[in-house]
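Every number for a ligand or one of its atoms is a count from 1 in the order of the listing.
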Amino acid sequence: MIGREFIAELENKREKVENLFNFEKFKVGSGTYGQVFQAFPKTKNKLFPKKSYALKLIECIDHKQNMILSMSACREIALLRELKHENLIQLNRIFTDQRKVWLLFDYCEHDIWQILTYHRKSETDKFPSKGLVKSLMFQMFQGISYLHNNWILHRDLKPANILVVGEGSKIERGRVKIGDMGFARLFNSPLKTFVDIDPVVVTFWYRAPELLLDTKHYTKAIDIWAIGCIFAELLSTKPLFYNEEEKLETSTPYNREQLHKIFTTMGFPKIEEWHNLKAMPCYERLTKDFASAAYEKRSLAATLSKYKLQNTSEFRLLEKFLTMDPTKRITAEEALKDSYFYEEPLPNADAFYGMKIPYPPRKYLPNEENNNRTQHQQQLPPRQQQQQNIPLQQIPLPGIVKQEPRIQP
Ligand SMILES: Cc1ccc(-n2nc(C(C)(C)C)cc2NC(=O)NCCO)cc1
């Protein structure tokens, strides 16, 4: 049998995602890495239990009729096939045909961005409960601890990437699943108040100060700073380092407005607190752009005083996350041993334990696949242009992803 007939034969045998699931009308996200749909197994589909799934369409590139998988798609598949933890998104299956690659995940109805948006808009239910916050934080640290123990950094932790399983799943109701939705909008967002801010806008609000000062090394401490920002936001429902400007054209990670917001909230870093500050690549620029005296009266305690967090275990732990010097910032392992997680209410495996879930289901986006693709590819900034690409046929595509990860937690 020659190549073309063999491929045609293979194509006929392969289960087509369109035959197995209803999903086309249920798009829940679109961005840098592709489009995500809620998917429901078709009645004749006995392969998959009757529940919701998330189907992610990976952006392939048509290169003279050879479908090639982008570097980022290969990185995602290679990474997710190795990882297995109850607080990380789980890749169930990979589908492919001549033109597309689909990743199948369990579906998560909620995320922390959606939870915060609900409370910001509510007149009668302005804050998430202490039990919900504690469970979300505990589960987040369990997931991040697994990643960091395997020397994997997330690098883009933010509320929209912390997913939570909703009703319907007995075993996993209220279970945190850390993902990387990649829903980054690729153009400047119109100026919006944070109440309505989309989860798809690229934001610097969760970026650690060393990143903004152009540190050459991503570290685990960068993820810890981001979780600290999420913790503060869960306690106040306000983004701690909210900054109206979302500038994408900045050529360097140095972001003056974001640094000003951090210093206004926390005070200006002292050399005695952050020994290595002078060695930061943008230190000279920092000393030119900022006068430390302008931030003398600023501190985290002063900023959060209206939320009555003084002398609480929450505040003491928050200060350990939001330590300016990355070498002094608490680790995920240390955080899990903090007294905060050993006092009432104790963290429950179900973040929604003892409550009816008030959060609305995800909204479906219009599925203008063609426009989005044109728009998406036209607006992709140069740094995200796909580097080397790998022909689709070279990717061994497993069935159900069952093998244990080589990297042991
Ligand atoms: C290019 C790329 C995109 C996403 C990921 N990624 N990484 C993770 C962690 C949380 C395990 C680190 C999860 C994912 N991917 C996803 O969460 N995919 C589901 C919807 O996009 C990796 C690589």
Asks: At a 4.0 Å threshold, what atoms of ligand 1 neighbour a non-hydrogen atom of I89?
Replies: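 Answer for ligand 1: 13 (C), 17 (O), 19 (C).
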Asks: Just by distance, no angles: are the side chains of N87 and Q139 close enough, under 3.5 Å, to form a donor-acceptor pair?
Replies: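 Q139 and N87 do have a side-chain donor-acceptor pair below 3.5 Å.
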Asks: Is there a polar contact between ligand 1 and D180, counting only N or O atoms under 3.5 Å apart?
Replies: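 Yes: some nitrogen or oxygen of D180 is under 3.5 Å from one in ligand 1.
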Asks: Less than 3.5 Å between some nitrogen or oxygen of K56 and one of ligand 1, yes or no?
Replies: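 Among all N and O atoms of K56, at least one is under 3.5 Å from an N or O of ligand 1.
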Asks: Taking 4.0 angstrom as the limit and counting only heavy atoms of L83, give me the atoms of ligand 1 inside it, by number and element.
Replies: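 Checking each atom against L83, I get 11 (C).
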Asks: Applying a 4.0 Å heavy-atom criterion (strictly less than), which segment of L80 is in contact with ligand 1: side chain, backbone, both, or neither?
Replies: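 Contact part for L80 vs ligand 1: side chain (C-beta onward).
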Asks: Between H154 and ligand 1, is there a nitrogen or oxygen pair with a distance under 3.5 Å?
Replies: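 N/O-N/O distance below 3.5 Å does not exist for this pair.
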Asks: Between E172 and K177, does at least one N-O distance fall below 4.0 Å, as a salt bridge requires?
Replies: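 Yes, this pair counts.
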Asks: Take E210 and N276, measure what side chain to side chain donor-acceptor pair (under 3.5 Å) needs, and give me the verdict at the end.
Replies: CA-CA 10 Å; E210 65 271 21; N276 211 24; over 6 Å; no
Asks: With a cut-off of 4.0 Å, which atoms of ligand 1 are near a heavy atom of F105?
Replies: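 Going through ligand 1 atom by atom, the ones under 4.0 Å from F105 are 18 (N), 19 (C).
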Asks: Set out, in order, the CA-CA distance, both residues' side-chain angles and the distance that settles salt bridge (charged side-chain N to carboxylate O under 4.0 Å, His left out) for D338 and K320, then state yes or no.
Replies: CA-CA 10 Å; D338 191 87; K320 294 171 186 170; 3.1 Å; yes
Asks: Under 4.0 Å between a side-chain nitrogen and a carboxylate oxygen: does that hold for R155 and D180?
Replies: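 No, R155 and D180 are not salt-bridged.
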Asks: Regarding atom 5 (C) of ligand 1: of the candidates K177, E76, R75, which has the closest heavy atom?
Replies: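 Considering heavy atoms of K177, E76, R75, the nearest to atom 5 (C) of ligand 1 sits in E76.
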Asks: Decide, yes or no, whether a salt bridge links R285 with D214 under the criterion of side-chain N to carboxylate O below 4.0 Å.
Replies: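 Salt bridge flag = no for D214 with R285.
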